[in-house]
Amino acid sequence: MRSFSYVSAPDVPAALAAVAGSPGAKFLGGGTNLVDLMRQDIERPTTVVDITRLPLTGVEELPDHTLRIGALARNSQVAAHPLLRTRYPVLAQAILNGASAQLRNMATIGGNLVQRTRCLYFYDRAAACNKREPGAGCAAVGGFTRNHAILGVSEHCLAAHPSDLCVALAALDATIEVESTRGVRRIPVEEFHRLPGGTPQVETALAPDELITAVELPPLAAASRYRKVRDRASYAFALVSVAAALRVDGDRIGEVRLALGGVATKPWRAREAERVLLGAPATAESFARAADAELAAAATTPENAFKVGLARRTIVATLSRLAEESA
Ligand code: SF4
C-alpha cells in the first residue's frame, strides 16, 4: 500500500474543492472496488476524499414522475425500495443479481457506474494491459478470453464491462447528474460509458474532478425484467445478461428497451434489435431475428464465441417471458 492523504468531506462543495485542489485525488464511497484496486497497487490516489457523509442517499419521486436516486444510496437500499420494485423491477433484479448481500450493503449507485473491469490481466501486474498502463499492449489478445467482450471491442482492449446495474440503467434511459466546481451537468447513460477504441484507460465521460451526485430514471410504462447467465448461481460476473422492457399493444410490440451485459465493453443498448422489434409481432421468431441483427457485429475469439448463441437464447427467453406477462 502506498501512502496517501485522507480528507473527510462534510458537504458537496468541500468534496469538490478537495478534489479540484489535488490532482490524483479519488472519491471514496462504499470502497468496494477502489480499496481492492489500491491494495493491488492498480489505483494509486494521492488523496482519498471520503464522501460517505454527504447527503446524497435519498430516493425520491419528482413532480414529473422521474425517479431520482442519490449517488450514495446503497445498492441494497435501492433494490428494496417499493418504487423501484414496483415500477422498475429490471433495476431491482439487476442489483440483486449483482453481488453478495455484504457488497450490496456497502456499494453505492454512483460507485457502480465507475467500477472497473474484472479482466484478469488488468489485475495481474506482470501482464501487459493498455487499460492499466496505456501503450503497454493487451495480454488478452491471444490470451485467455472466455469472459471477454464480443461487442464494442478494439485491438487495444476487449474487456467486458462488469456491471449488472448499469445494464439496467442503459435500458431505462437513465441520466447521470455530475457536479464539479464548474457547475452541474447531466449525461445520458449511453454517453457516460465509453468504448475502448485506442484509449481503453478512459472509461467514462466523467472528468477527474467531477462527482456523480444522482441518477434519474424517466417513467416506464412497460413490463421489465433482468436475466443473468453465469458460471455459478451467485458471486459471479455475467457471461451474458439481458435487461429488457416490453409493452405489447394487441399482438404488436408498442415499446421495447433492450440492453446487454457480459458481452460488451460497455453496458450495451441493443439499438439494432430494438429497431427490428418495434411494431413487429411479439413472437419468438421476431425476438430471434432481433437478436441476430444485434449480434451480427460480434467479434469473437475461439474461447468466447459461445456468447453469441448464449446471448441470442437469453434475449429470446427474456423477451418471450415479458410478452407472456404482457398478454
Ligand atoms: Fe487490459 Fe483490456 Fe487487454 Fe484486459 S482486455 S488486458 S483490461 S487492455
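Counting convention: from 1, in listed order, for ligands and their atoms alike. Heads up: numbering here begins at 1 and tracks the sequence. Worth saying up front: this structure is predicted, and the values here are computed from it rather than measured.
Under the 3.5 Å distance criterion, the side-chain polar atoms of R74 are matched with a main-chain donor or acceptor of M106.
Taking the six-membered ring for Trp and thresholds of 30 and 60 degrees, H193 and H161 have ring planes more than 60 degrees apart, a perpendicular arrangement.
Under the 4.5 angstrom side-chain criterion for Ile, Leu, Val, Met, Phe, Trp and Tyr, the cluster partners of L37 are I42, F122, Y123.
Under the 3.5 Å distance criterion, with hydrogens and angles disregarded, no donor-acceptor pair is assigned to the side chains of N97 and R227.
A salt bridge is absent between E274 and R257; no separation between the charged side-chain nitrogens and carboxylate oxygens falls under 4.0 Å.
Excluding waters, the set of protein N, O or S atoms lying under 2.8 Å from atom 1 (Fe) of ligand 1 comprises C129 SG.
Between F4 and T47, the closest side-chain pair of non-hydrogen atoms is not below 4.5 Å.
Taking every heavy atom of H156 and a limit of under 4.0 angstrom, the matching atoms of ligand 1 come to 8 (S).
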